[in-house]
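Note sheet for the following structure.
FYI, the numbering just counts along the sequence from 1. Numbering of ligands and ligand atoms starts at 1, following listing order.
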Amino acid sequence: MLTSSSSFKRLNSLLLGALGDRGARKSLSMMATSNEDDSNTANDDGDDDDDQPFTPWAVSVASGHTLLRSPQHNKGLAFTEKERDAHYLRGLLPPAVLTQELQEKKILHLLRQYQVPLQRYIAMMDLQETNEKLFYKLLIDNVEELLPVVYTPVVGEACQKYGSIFRRPQGLYISLKDKGKILDVLKNWPEKNIQVIVVTDGERILGLGDLGCQGMGIPIGKLSLYTALGGVRPSVCLPVTIDVGTKNETLLNDEFYIGLKQKRATGEEYDDLLAEFMTAVKKNYGEKVLIQFEDFANHNAFDLLVKYRTSHLVFNDDIQGTACVVLGGLLSALKLIGGTLADHTFLFLGAGEAGTGIAELISLEILKKTKLTVEESRKKIWLVDSKGLVVRSRKDSLQHFKQPWAHDHEPVTGLLEAVKAIKPSILIGTSGVGKQFTKEVIEAMSSINAKPLIMALSNPTSQSECTAEEAYTWSNGHAIFASGSPFDPVIYDGKEFVSGQANNAYIFPGFGLGLIMCGAIRVHDEFLLAAAEALASQVTEEDYAKGIIYPRFKNIRKISATIAAKVASRAYEFGKCYEVLKLLYQ
Ligand SMILES: NC(=O)C1=CN([C@@H]2O[C@H](COP(=O)(O)OP(=O)(O)OC[C@H]3O[C@@H](n4cnc5c(N)ncnc54)[C@H](OP(=O)(O)O)[C@@H]3O)[C@@H](O)[C@H]2O)C=CC1
Ligand SMILES: CC(=O)C(=O)O
Ligand SMILES: [Mg+2]
């Protein structure tokens, strides 16, 4: 603890160094309460109050120019006359006082004038970096319009062009250069109390492949949603990109690329860096910090989850969050297509993180609700990968996460052939490849089912397996359709069809909020089921009447709160909360 007068001076100059302007000095001076002699302070501009000493426990509040440059506290023209006096803002702002509502209206008007979606993204990021409160208010109040800007699809393009549009760094970059120093790097982040980290290594950004360090747009976007959709304070959120190089030749040859210009590290080098990161995070922020893995390639994603799920509070959004949102959609879709989950046959295009993650959760739910064995529940689910239907004869060459789904069947190569052979009632696209649900595929689904359920989950829009218009047109208006990236309503045969957005954004903000709220220290599969059930319970009769299987996004904060409450309560039941474990083992 600082006790001496010289220590006060040191603190004083440290604070001045950090705040760095006259307004800050005045603000600090105003807060001084000690009678210590501090006549030799670094403040030498002759102002009376500059000679006052400082107490070490005074909380510093930025003022003046510094305040206007602080995104957390800046209110732009919304500072009132009184605040302008109190915070030394007179003259630094034009005289007009505009309410936050008026500023919101102005920015929305401006955003709508941009024809190029990426311009809207840049404008939104600029706002986040200058006036955080206004950014979140705008996003919350206009979530259906602005989600596609800060999230999929536009964030995908932003990541692809991140080097060119880069203005100010956002988030924390950890690269191979930081090996052995990751704890120090974490300590450089200005906020000390962190509750949620979204981390990527940039290898599978949406369906756009390896974007290396430029994947940073994803953790930033996801964490913006933690706040806007889940109500988690921005200051406790930390976006992280781990840069181990990239195999993207275009980026390696791009002079504006912001990451390490080297081939992506693999094997021990990769594992060691990740292990150091995980240890440093727990050491710096404790056991209750939530680490959300995002957009890792599947050859690392599954292993990381298995490795750290017993020692850290980890959650893989692509495997688990996606599984929840799809299971939630399926549970609600049963009201429209009839039967129980176990009565249906599922066919996936894509047998990676999303595909097999969803398959696992569907099977788990079927197991809970029926007397079927694991093997029987899995047999209702079939997957197609780039080599065709996943079948037993391929088992030896399959990655471990595909093996449970390798059932007895003749080899089948194409999706259309698989649809004809398996006769699914539900078709789910998780391939990351656009346009795979062709007219023939949708027609085949429609010839087998009165109401085929089609989910084209791949992101961004360019990678969607089909569009909403294609699904409704090719099924003659019979399909129930949902997609990972949003589509506008479609008019077919004089009727309006509104599709749902099957995106894990429905889940992770509420799921994460629930975990941090209850002090959970591990994630259990039961929490995922709780989140899916909570999501399904939010769909209204009015939604069903319109053929929609997800609740309206405009109600997302209520939806997230409901999910959070269900997850927290399930966590207590399962004793996965720190306080519960303490009680059990004390
Ligand atoms: N809506 C949402 O909330 C979410 C959407 N997604 C989206 O899902 C997509 C996939 O993500 P993820 O599962 O993590 O990716 P993975 O790379 O783990 O899996 C992709 C799978 O698709 C298969 N595949 C690729 N091309 C074809 C093809 N032409 N025909 C058939 N199968 C093919 C791959 O086959 P093989 O194994 O043989 O290589 C692999 O099994 C991405 O676009 C992502 O954006 C992901 C998470 C959430
Ligand atoms: C939505 C998401 O997490 C993805 O497409 O990867
Ligand atoms: Mg993702």
Notebook entry, point to check: Looking at K402, which atoms of ligand 1 are within less than 4.0 Å of one of its heavy atoms?
Noted result: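 What qualifies from ligand 1 is 36 (P), 37 (O), 38 (O).
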Next item on the list: Could you tell me which atoms of ligand 1, counted from 1 in the order shown, lie closer than 4.0 angstrom to a heavy atom of G432?
Entry: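 Per the distance check, 9 (C), 10 (C), 42 (C), 43 (O).
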Checklist line | Within-cut-off N or O pair, N504 and ligand 2, under 3.5 Å | finding: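 Checking ligand 2 against N504, an N or O pair does fall under 3.5 Å apart.
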Next item on the list: Please confirm whether N503 comes within less than 3.5 Å of ligand 2 when only nitrogen or oxygen atoms on both sides are compared.
Entry: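 So ligand 2 has no N or O lying under 3.5 Å from an N or O of N503.
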Return the closest protein heavy atom for [atom] as residue, atom name and distance.
atom	answer
atom 13 (O) of ligand 1	A354 N, 2.9 Å
atom 17 (O) of ligand 1	N298 ND2, 3.5 Å
atom 5 (O) of ligand 2	N459 ND2, 2.8 Å
atom 47 (C) of ligand 1	T322 OG1, 3.3 Å
atom 3 (O) of ligand 1	N504 N, 2.9 Å

Identify whether the distance between the nearest side-chain nitrogen and carboxylate oxygen of [X] and [Y] falls below 4.0 Å.
X	Y	value
K307	D271	no
R394	D385	yes
K546	E496	no

Which is closest to [atom] in terms of heavy atoms, [options]?
atom	options	result
atom 12 (P) of ligand 1	R204, K387, E203, E294	R204
atom 30 (N) of ligand 1	D295, V433, L349	L349
atom 28 (C) of ligand 1	G434, G484, S386	S386

Check: How about D317: does one of its N, O or S atoms come closer than 2.8 Å to the Mg ion (ligand 3)?
Finding: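 Coordinating: no.
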Margin query: Do N300 and E203 make a side-chain contact, defined as non-hydrogen atoms from C-beta onward lying under 4.5 Å apart?
Written below: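 Result yes, sub-4.5 Å side-chain heavy-atom pair found.
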Margin query: Please give the atom name: the N, O or S atom of E294 nearest to the Mg ion (ligand 3).
Written below: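 The nearest such atom is OE2.
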Aromatic plane relationship, [Y] with [X] - under 30° parallel, 30 to 60° tilted, over 60° perpendicular:
X	Y	result
Y472	F481	perpendicular
Y308	F293	tilted
F302	F401	parallel
F511	F527	tilted

Margin query: Would E353 count as being in polar contact with ligand 1, using the rule that some N or O on each side must be under 3.5 angstrom apart?
Written below: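 Yes, E353 has an N/O under 3.5 Å of an N/O on ligand 1.
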Notebook entry, point to check: Step by step, would you call N503 with Y151 a side-chain hydrogen bond (donor to acceptor under 3.5 Å, both in side chains)?
Noted result: CA-CA 11 Å; N503 193 295; Y151 192 56; 2.7 Å; yes
